[in-house]
Amino acid sequence: MKKENFITLVLGVVGGLLFGIGMCMCLLPEWNAFTPGVAVTAVGAVVLAVMLIVRRVMLGKPALKINVKTVGKVAFGVVGALVLGLGMCMVMVFEGMMIPGIIVGLVGIVLLLCLIPMCAGLK
């Protein structure tokens with residue numbers, strides 16, 4: 001295993017676990033740990049961001065590469081994920097919103113599926 005792959009593996013696992021546990025702390029009322037959960041989630045997100053930067057540097061690429069096309073694709077993906085999450089919330093949290101939640105969730109899935117040809121291109 002190459003060194004950059006091992007570092008990515010370790011940082012990805014640590015960041016993912018911290019992020020996931022922090023989200024559980026925030027969203028499970030039985031744990032009664034919302035404020036510490038926000039902090040743990042933020043630390044996990046920072047570790048995952050550092051992982052991306054470290055991997056790019058280890059591969060000999062610039063740490064951050066901002067491109068107008070990339071920003072548009074990222075924004076499209078964020079909107080798709082938020083719409084999908086809103087649909088899931090409507091189904092699981094709000095009473096009487098099953099059918100509208102399913103429709104909103106399907107719209108979010110379609111938006112995320114549209115992201116594939118935007119990023120990979122059609123051949």
Val83-Phe94 co-clustered via ILVMFWY side chain contacts under 4.5 Å: yes
Spatial distance of atom CG (Leu84) from atom SG (Cys89) [nearest 0.5 Å]: 10.0 Å
Using distance only, find each side-chain donor-acceptor pair of residues 32-52 under 3.5 Å and give its atom names and separation, not counting sequence neighbours.
from, atom 1, to, atom 2, distance (Å)
Thr41, OG1, Gly22, O, 3.3
Thr41, OG1, Met23, N, 3.2
Thr41, OG1, Gly37, O, 2.8

Heavy-atom donor-acceptor pair, Arg56 side chain to Pro62 backbone, under 3.5 Å: yes
Val93-Leu86 co-clustered via ILVMFWY side chain contacts under 4.5 Å: yes
Which atom pairs, one a donor and one an acceptor, fall under 3.5 Å between side chains of residues 1-18 and the rest of the protein, sequence neighbours left out?
from, atom 1, to, atom 2, distance (Å)
Asn5, OD1, Arg55, NH1, 3.0
Asn5, OD1, Arg55, NH2, 3.2
Thr8, OG1, Glu4, O, 2.7
Thr8, OG1, Arg55, NH1, 3.2

Whether Lys73 side chain and Met118 backbone form a donor-acceptor pair below 3.5 Å: yes
With a 3.5 Å cut-off and sequence neighbours excluded, list the donor-acceptor pairs that the side chains of residues 96-114 form with protein atoms.
none

Nearest heavy atoms of Ile21 and Trp31, plus distance in Å: O-CZ3, 4.2 Å
